[in-house]
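Please read all numbers here as calculations on a predicted model, not as lab measurements. Numbers restart at 1 for each chain; the letters A, B, ... are given by sequence-line order, proteins then strands. Just the heavy atoms: all of them, side chains too, but no hydrogens, waters or symmetry mates, feed the values below.
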There are 2 protein chains.
Amino acid sequence: MDKIARDPMYRLLLDGPPRSSRELEQALGLSRVTAAQRIRALASEGLIVEDGTMASGGGRPARTWRINPHYRNLLGVDIGEEMARVVLFDCGCGVLDEALLPVDLRADPAQTLEALARVADRLARSPKATAKVAGLGMALPAPIDYRQGRVAKPSVMHGWDQIDLRALLSARLGLPVALDNDVNLMCMAEQRLHWPDARHVVFIKAGTGIGCGMITDGHLLRGAFGTSGDIGHIQHTPQPHQLCRCGKEGCVEAHAAGWAIARDLRALGHDCHDARDVMQLYARGAPECRALVNASSRIIGTVSADLVAVLSPELLVLGGTLAGAGEAMLAGIRERVYQRCLPLATERLQICLARGDARLGTQGAAMLVRQILTDPR
Amino acid sequence: MDKIARDPMYRLLLDGPPRSSRELEQALGLSRVTAAQRIRALASEGLIVEDGTMASGGGRPARTWRINPHYRNLLGVDIGEEMARVVLFDCGCGVLDEALLPVDLRADPAQTLEALARVADRLARSPKATAKVAGLGMALPAPIDYRQGRVAKPSVMHGWDQIDLRALLSARLGLPVALDNDVNLMCMAEQRLHWPDARHVVFIKAGTGIGCGMITDGHLLRGAFGTSGDIGHIQHTPQPHQLCRCGKEGCVEAHAAGWAIARDLRALGHDCHDARDVMQLYARGAPECRALVNASSRIIGTVSADLVAVLSPELLVLGGTLAGAGEAMLAGIRERVYQRCLPLATERLQICLARGDARLGTQGAAMLVRQILTDPR
DNA sequence: TTACTTATGTAAAGTGTTTATCATAAGAGG
DNA sequence: CCTCTTATGATAAACACTTTACATAAGTAA
């Protein structure tokens, strides 16, 4: 995107609903003249378009302005443990085209990257594209050194911490590239797209693994070393100790994650390997599965209670594959949170299922590049 | 403070070390001419003064500027469970005069406030005062509705949530007043005064009660309802359940707080009622006391590990009365944190004792009003 | 001492923003 | 229809900041 896109007025319209000239002027603290001038500039460049008029309050109704979604397109990539999703978005995060490809995180990252790059290239030239692609964002299931744009040093994604991921991808594609942890990006997308007024949000992703993203005062909380939100390996220590895939015992994941439920279901004779398999069994109503999911939800509820006590969010959202169990998962979380936290912290707290779909990670990734491309520095 | 004090240049000098014209210019993104002009304006108003010269790098050495601590004075109040401390500061947070007064939080808040106001008035007219008082900050051992400037609704400070604390005090004293939770303010003061480069800090206050303050990305994390940092009532559940003063069982406080240790020591025949008594016994080397303090430190370490996993701070500071046990407290915290957290989260994490003294709360309070008085809005 | 370096002061020209004023546009309500 | 209200456009003077250029101040290194 061009220089003009760094106008804070454009950022405001990217993040929020259409606004009138006066609203923009007040939100940015500009004078009417300057606001109008900047609106003209953005409109003449095709960055924003007229949206409609507001209800009249006894006078001439105000025109509202919104971003032009077809000014540029964006690519969002979400690398999962087995599949990667690549989505072509317009710059309002509307889906234009999409592709899935299998990935093997234990394989050579160079090969995986090349496969991803080919798909990205193909999508950028898709007949459904509405503009040229301005950048690519990528969500990764690993701690990310956000400043450096690479996977943080010791990581589960073997070998990925060795390469300068952002520079490599950017050079290969000829596009600006931004990276972040997948849960962080899901959290950001969920908040920005579905709860724009919430300033303090905890997003729990319960899938094959468990993690959380946090927004405090409207800002994504990344922490000092890119490891924030690592709730999966908080010590839970209920009676039967379980070995976690991280090598420790008694982690939350080892009792409540999709892989742990699958492990327990396999022990009961089911053919079940990941969170998706668990949800299939759950949907079919297998009682053992329901029991395990309920138990999981209470364990996640225990951690949630700690998060609520520490962070005092106004919204706790549950996403990830296990959120497919819906109210059953929420029940366990609510039970523990209301049981353990102060009324003051819970009386106005909302506990909900994520409204975003499986594309949440890619949407967050696209929003991240967009944010960087429109950052005034 | 006057209008000119809202200059971001002044705020920069308030928070940081003395700087040269060039450093100010770069930090604020101004041109040399404008920076010099603003420096002149601030200096002529008496807000800043010349500090000295920097080391020469082969040319004329740069002059450095610092705030004039005697431009205005500030009052900081820290209300504890039994005592309140009122300190008169210069606007660099240097101590000028000080007073302690007993308070009873169960008494009528109006009486306590009047007693406080009298002390504040007296200090403002103290012979040690160097300038007129610009505002008063207050630290309270309760969740605070920061926006409203009052104690959040259901509170342990009975009756205090009924009154418009900020407005009342402000009217009584004829001064701008700001309030916040005591642990938040201690956290802020500790970071700003002693770890200015740390952007992600967890401050644990272990005293008669237990709580924590958090700074993420340089900003104090207050949460949505003023209850953030409530780690004292996280469920700990080791074997012998203990009734907490909050009415629940198995809270961290019920096992690790000063009041809980005092309770256990009383059961062993010691005359011990609060954290200070515990530290006296500890200093005298009572073995039961040492054992209990060690156990407490491990419990606090357990919560600390959760905080480190979730927030990924670069610095974890222990303050409060129990921090008087020094390395013994740190040992238990370090043990649990290193045992339970990812190496990535701990390898560069510092775990230290607070450097601030008993005036930390009042310093934070003074910094809070100062921050508000110099906020450009 | 001289040459070089960096810091600081001052003035002029140019850019962008604000404030103020006047004019026009487009709705509601009578 | 007219009046009232609010939105928007155009313009000019005032203001703040930046850039540029030149001069001076105060150190270091030889």
Side-chain angles (χ1 to χ4, degrees), chain A residues 1-13 16-68 374-377, chain B residues 1-13 16-68 374-377:
Chain A
M1 300 195 183
D2 312 356
K3 211 173 185 182
I4 197 169
R6 304 200 186 272
D7 191 327
M9 184 176 278
Y10 185 60
R11 303 199 81 191
L12 200 64
L13 288 172
R19 288 171 202 258
S20 71
S21 170
R22 179 161 305 254
E23 287 169 330
L24 290 168
E25 168 197 332
Q26 286 170 348
L28 298 169
L30 299 171
S31 72
R32 194 165 63 83
V33 177
T34 318
Q37 178 188 318
R38 296 246 275 262
I39 288 172
R40 260 198 308 280
L42 290 171
S44 77
E45 294 281 334
L47 285 151
I48 63 172
V49 292
E50 252 188 270
D51 179 66
T53 56
M54 296 178 57
S56 162
R60 173 177 174 173
R63 277 182 288 172
T64 55
W65 298 88
R66 59 178 172 82
I67 57 157
N68 170 13
T374 57
D375 186 6
R377 309 262 157 84
Chain B
M1 298 196 187
D2 311 356
K3 212 174 185 180
I4 197 169
R6 304 202 186 272
D7 190 327
M9 183 175 279
Y10 185 60
R11 301 198 84 191
L12 201 64
L13 288 172
R19 288 170 202 258
S20 70
S21 169
R22 178 161 307 253
E23 288 169 330
L24 289 168
E25 165 197 333
Q26 286 170 348
L28 298 170
L30 299 171
S31 71
R32 194 166 63 83
V33 177
T34 317
Q37 179 188 316
R38 295 246 275 262
I39 289 172
R40 260 197 308 280
L42 289 172
S44 78
E45 293 281 336
L47 285 151
I48 63 173
V49 292
E50 254 188 87
D51 179 63
T53 56
M54 295 178 58
S56 162
R60 173 176 173 173
R63 276 183 290 170
T64 55
W65 298 88
R66 61 179 171 80
I67 57 157
N68 170 14
T374 58
D375 187 5
R377 309 262 156 81

Original post:
At under 4.0 Å, does any side-chain N or O of Thr34(B) touch on OP1 or OP2 of dT18(D)?
Top reply: yes

**OP:** Look at Ser31(B) and dT18(D) and indicate whether a side-chain polar atom (N or O) is within less than 4.0 Å of OP1 or OP2.
**Re:** yes

**OP:** Round to a whole Å and report the spacing from CG of Asp51(A) to P of dA7(D).
**Re:** 17 Å

Original post:
With respect to the side chain of Val33(B), which nucleotide from dG27(C), dT8(C), dT10(C) is positioned closest?
Top reply: dT10(C)

Original post:
Under 3.5 Å, is there a donor-acceptor pair between the side chain of Arg6(A) and the main chain of Asp375(A)?
Top reply: yes

**OP:** Go through dG9(D), dT8(C), dT8(D) for me and flag the one nearest to the Ala36(A) side chain.
**Re:** dG9(D)

**OP:** May I ask you to evaluate whether Arg60(A) reaches the phosphate of dT5(D), defined as a side-chain N or O under 4.0 Å from OP1 or OP2?
**Re:** no

Original post:
Choosing from dT8(C), dT17(C), dA28(C), which nucleotide comes nearest the side chain of Arg38(A)?
Top reply: dT17(C)

Subject >> Asn68(B) CG to Asp51(B) CG distance, which is reported to the nearest 0.5 Å >> reply: 11.5 Å

Original post:
Touch check for Ser21(B), heavy atoms < 4.0 angstrom, all strands: base, sugar-phosphate only, or nothing?
Top reply: sugar-phosphate

Original post:
Rounded to the nearest Å, what distance is computed from the CD atom of residue Gln26(B) to the P atom of nucleotide dT8(C)?
Top reply: 12 Å

**OP:** Let me see the working for Ile48(B) and Met9(B) under side chain to side chain contact (heavy atoms under 4.5 Å, CB included), right down to the final yes or no.
**Re:** CA-CA 10 Å; Ile48(B) 63 173; Met9(B) 183 175 279; 5.6 Å; no

Subject >> Gap between atoms CG and P, on Asp7(A) and dT17(C) respectively (whole Å) >> reply: 9 Å

Original post:
What nucleotide, of dA10(D), dG27(C), dG9(C), holds the atom closest to the side chain of Arg32(A)?
Top reply: dA10(D)

Original post:
Taking OP1 and OP2 of dT17(C), is either one under 4.0 Å from a side-chain nitrogen or oxygen of Gln37(A)?
Top reply: yes

Subject >> Whole-Å distance separating the CD1 atom of Ile39(A) from the P atom of dA10(D) >> reply: 13 Å

Original post:
In whole Å, what is the span from the CD atom of Glu23(B) to the P atom of dT6(C)?
Top reply: 15 Å

Subject >> Rounded distance (Å) that lies between atom P of dA7(D) and atom CE of Met54(A) >> reply: 8 Å

Original post:
When rounded to the nearest 0.5 angstrom, what is the spacing between CG in Leu13(A) and CZ in Arg11(A)?
Top reply: 12.5 Å

Subject >> First encountered from the 5' end of DNA chain C, between Thr53(A) and Gly29(A) >> reply: Gly29(A)

Subject >> Protein-nucleotide distance (Leu28(B), atom CG; dT18(D), atom P), rounded to Å >> reply: 10 Å

Original post:
Distance-only, no hydrogens or angles: does the Arg63(B) side chain make a donor-acceptor pair with backbone N or O of Glu50(B) under 3.5 Å?
Top reply: no

Original post:
Choosing from dT19(D), dT18(C), dT8(D), which nucleotide comes nearest the side chain of Leu30(A)?
Top reply: dT18(C)

**OP:** Grab the CZ-C1' distance between Arg19(A) and dT8(D) for me, whole Å please.
**Re:** 19 Å

